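Okay, so here's the structure we're looking at.
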There are 2 protein chains.
Amino acid sequence: MKFDDKVPIYYQIKNHLYHEMMTGQLAPGEKLPAVRQLAVDLTVNVNTVQRALGEMITEGIITSQRGKGNFVTTETPRITQLKEHLIMDQLERAYEQLHALNLSDEEIIASLKQYIAQRGQQDD
Amino acid sequence: MKFDDKVPIYYQIKNHLYHEMMTGQLAPGEKLPAVRQLAVDLTVNVNTVQRALGEMITEGIITSQRGKGNFVTTETPRITQLKEHLIMDQLERAYEQLHALNLSDEEIIASLKQYIAQRGQQDD
DNA sequence: TACAGTGTACTAGTAAAATATAACACTAGG
DNA sequence: CCTAGTGTTATATTTTACTAGTACACTGTA
């Protein structure tokens with residue numbers, strides 16, 4: 001996996017796993033890959049994986065069962081809530097950054113539309 | 001100044017100064033605050049400031065004159081170009097993150113509009 | 001009971017970022 | 001010439017992220 005060296009790897013792993021939950025690649029109640037397997041998949045150390053998972057356990061988004069594995073919570077509201085939270089975080093960050101670049105609300109929306117339009121012509 | 005501990009301070013300083021240029025708080029040709037003064041203002045070490053400035057000098061966005069100070073480039077196209085670049089970076093990051101959260105192009109635009117509308121009711 | 005698969009914990013080491021501190025180099029003005 | 005203000009460079013230290021390696025604890029199954 002490719003990482004942005006400007007932000008901690010364990011943090012990017014968290015987001016990576018979040019996304020897999022949001023897109024349904026990891027369903028509620030489903031077992032995550034074993035920590036050692038994740039470490040191999042992400043070409044990262046076990047401890048780094050563990051650090052990411054540790055925070056997610058604290059957040060209650062996954063649960064850990066010693067000897068069995070780590071599992072996505074079955075409390076679906078928690079997942080929905082997390083998704084909302086992640087979306088708002090992204091919007092807020094982007095908005096504030098663009099606003100700081102002196103763009104008005106209208107310009108921000110317009111530039112996003114333009115970006116998506118341009119992007120659509122290329123790939124994805 | 002408040003910093004996000006998830007990304008290097010010197011990097012955040014760069015962005016901070018970028019923004020001041022974009023908004024005209026730092027005009028083309030204008031002298032930047034002295035490095036030691038910046039260090040005090042940002043409650044940060046001189047070397048950290050220097051690292052940020054060093055990269056900006058390499059990028060040609062500011063020029064350094066020993067004994068005089070650091071100055072914003074007078075080549076306004078360079079500034080315009082940088083602004084475009086920063087905007088695109090933000091849009092790309094936000095789009096990819098939201099897309100990874102399983103939002104369609106339309107949903108992305110809609111949620112941004114909604115966010116801005118909600119925000120407008122509160123402050124700013 | 002033995003063993004394979006799992007999570008958890010600990011120690012040690014490396015690298016990068018940031019700090020503190022000091023020194024050096026140049027400019028402008030008295 | 002001296003000095004205050006400026007950029008530049010260097011050394012040592014601390015903190016954090018990450019890695020490597022090892023060991024321990026629990027579960028399920030043969």
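Each chain gets a letter, A, B and so on, in the order its sequence line appears, and its residues count up from 1. All of these numbers come straight from a predicted model, not from anything done at the bench.
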With rounding to the nearest 0.5 angstrom, report the [atom1] to [atom2] distance, [X] to [Y].
X         : Y        : atom1 : atom2 : result
Asp41(A)  : Arg36(A) : CG    : CZ    : 14.0 Å
Ile108(A) : Gln97(A) : CD1   : CD    : 10.5 Å
Glu75(B)  : Gln81(B) : CD    : CD    : 10.0 Å

Side chains of [X] and [Y] in contact at under 4.5 Å (non-hydrogen atoms):
X        : Y         : value
Leu38(A) : Val46(A)  : no
Leu17(A) : Met56(A)  : yes
Met88(A) : Gln118(B) : yes

What string of B, S and - do you get for nucleotides 20-30 of chain C 5' to 3' if you count protein non-hydrogen atoms under 4.0 Å?
BB-B-BBSS--

Linked, directly or transitively: Ile62(A) and Leu86(A) (ILVMFWY side chains, under 4.5 Å)
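In one cluster with Ile62(A): Leu86(A), yes.
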
Outermost DNA chain D nucleotides near chain A [under 4.0 Å, heavy atoms]
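Counting from the 5' end, contacts occupy dA17(D) to dG28(D).
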
Which parts of residues 2-15 of chain A get close to DNA chain D, meaning a heavy atom less than 4.0 angstrom away?
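Those residues whose heavy atoms fall under 4.0 Å from DNA chain D, taken from residues 2-15 of chain A in numerical order, are Pro8(A), Ile9(A), Tyr10(A).
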
Looking at residues 51-62 of chain A, who's got a heavy atom less than 4.0 Å off DNA chain D?
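Close to the strand are Arg51(A).
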
Ignoring hydrogens and angles, tell me if any N or O in the side chain of [X] forms a donor-acceptor pair with the backbone of [Y] under 3.5 Å.
X        : Y         : result
Thr43(B) : Ala39(B)  : no
Thr48(A) : Val44(A)  : no
Lys83(B) : Leu101(A) : yes

Applying ring pair (Phe, Tyr, Trp, His ring centres under 6.0 Å), name anything that partners Tyr10(B), two or more places apart in sequence or on another chain.
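Partners of Tyr10(B) by the ring pair (Phe, Tyr, Trp, His ring centres under 6.0 Å) criterion come out as none, since no residue qualifies.
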
Quick one: salt bridge (charged side-chain N to carboxylate O under 4.0 Å, His left out) partners of Lys14(A), sequence neighbours excluded?
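For Lys14(A) the salt bridge (charged side-chain N to carboxylate O under 4.0 Å, His left out) partners, ignoring immediate neighbours, are Glu55(A), Glu59(A).
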
What is the distance from CD of Gln37(A) to C1' of dA4(C), rounded to the nearest Å?
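Value for this atom pair: 15 Å.
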
